[in-house]
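Numbering of ligands and ligand atoms starts at 1, following listing order.
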Amino acid sequence: MTPEGKVAVVTGAGSGIGRASAGALAKVGARLLACDIDYESAQQTVSAIERNGGKAFALHADVSKPDDVKRMIDAAVSRFGGLDILHNNAGILSGPRFPDSDPSCWMRAISVNIMGVLSGIHYGTEAMRQRGCGVIINTASISGLKPHFSDPVYAATKAAVVNLTRSLAFLKKEANIRVNCICPGFVRTDLESHSAAVLDPEAQRRFRSRRAGFQDLPALEPDDIARAVMMLINEDGLNGKACIVEPGEPWRVQ
Ligand SMILES: NC(=O)c1ccc[n+]([C@@H]2O[C@H](COP(=O)([O-])OP(=O)(O)OC[C@H]3O[C@@H](n4cnc5c(N)ncnc54)[C@H](O)[C@@H]3O)[C@@H](O)[C@H]2O)c1
């Protein structure tokens with residue numbers, strides 16, 4: 001699908017990968033609904049898009065709440081007339097390591113990383129069926145394809161996103177909707193600080209001490225992932241696939 005003139009919704013659009021994806025879509029002429037739990041940051045993304053001549057609108061939405069996700073899809077339809085592209089991108093790390101972590105940590109990660117994607121697809125496909133076509137991109141992770149010993153719950157949620165994506169391949173034949181996901185390696189973003197923000201000071205200390213040294217690893221930039229997202233949107237032959245993007249390596253689609 002060529003994104004020019006299409007209506008796109010990006011979740012977690014206030015930072016990192018979501019902001020880069022929103023910017024890339026707007027740059028090629030998509031009309032953008034930039035959603036985030038942090039409205040101010042979504043608004044900043046919109047301001048940057050508008051400064052570059054793009055068309056975008058900011059919305060507060062917490063993807064862990066199905067009603068918020070429904071409101072988000074409804075907003076795209078009422079404001080722009082429909083929905084063509086949905087990037088389910090919002091996600092968080094789970095915090096202190098499972099199984100010692102508090103249930104609230106893993107419930108939150110499951111709510112945002114899995115329930116958020118399920119709600120997006122549920123309400124998003126409803127709107128896309130009205131259009132007769134659509135493209136959905138889910139942000140998974142390389143951690144969804146191999147063990148991630150420092151955050152097993154995060155790995156489990158991202159594995160769920162990968163297999164959900166692959167299991168929805170039937171939607172192309174049934175409704176002309178393609179679903180693919182991206183599996184990035186380490187990307188330099190504020191994921192860690194955003195994920196830790198809700199933890200109490202002791203949980204933050206344990207979480208941060210385990211992730212010490214991560215910032216020294218070879219890393220991707222959000223724009224690298226946005227390029228892969230655009231490829232998955234543009235390539236009509238790709239459906240039910242995971243695109244792996246790791247530092248220093250060619251993309252692998254499987
Ligand atoms: N940074 C990495 O190394 C990396 C690697 C692989 C996958 N990912 C995935 O990429 C996605 C984006 O992460 P990022 O690295 O850009 O992090 P980020 O923290 O910079 O951006 C995530 C955005 O999502 C928003 N958000 C968090 N919870 C939300 C909710 N409940 N509802 C709506 N918005 C919410 C945050 O406010 C933030 O603006 C996530 O799904 C993450 O798991 C990141």
_Pairwise side-chain hydrogen bond (donor to acceptor under 3.5 Å, both in side chains) hits with a residue in residues 159-173, at least two apart_ = Asn138-Thr165
*asked:* Strictly below 4.0 Å, N to O, side chains only: are Glu235 and Arg178 in salt-bridge contact?
replied: no
_Passing candidate, ring-ring contact (aromatic ring centres under 6.0 Å, His included) with Phe98, options Tyr154, Phe207, Phe149, Trp106_ = Trp106
*Any ion pair linking Asp74 and Lys70 (charged N to carboxylate O, less than 4.0 Å)?*
yes
*Should Arg227 and Glu221 count as an ion pair when the cut-off is N to O under 4.0 Å?*
no
_For a quick check: using heavy atoms under 4.0 Å, what are the residues in contact with ligand 1, sorted by chain and number?_
Gly12, Gly14, Ser15, Gly16, Ile17, Asp36, Ile37, Ala61, Asp62, Val63, Asn89, Ala90, Gly91, Ile92, Val112, Thr139, Ala140, Ser141, Tyr154, Lys158, Pro184, Gly185, Phe186, Val187, Thr189, Asp190, Leu191, His194
*State whether a side-chain donor-acceptor pair under 3.5 Å links Thr11 with Asn89.*
no
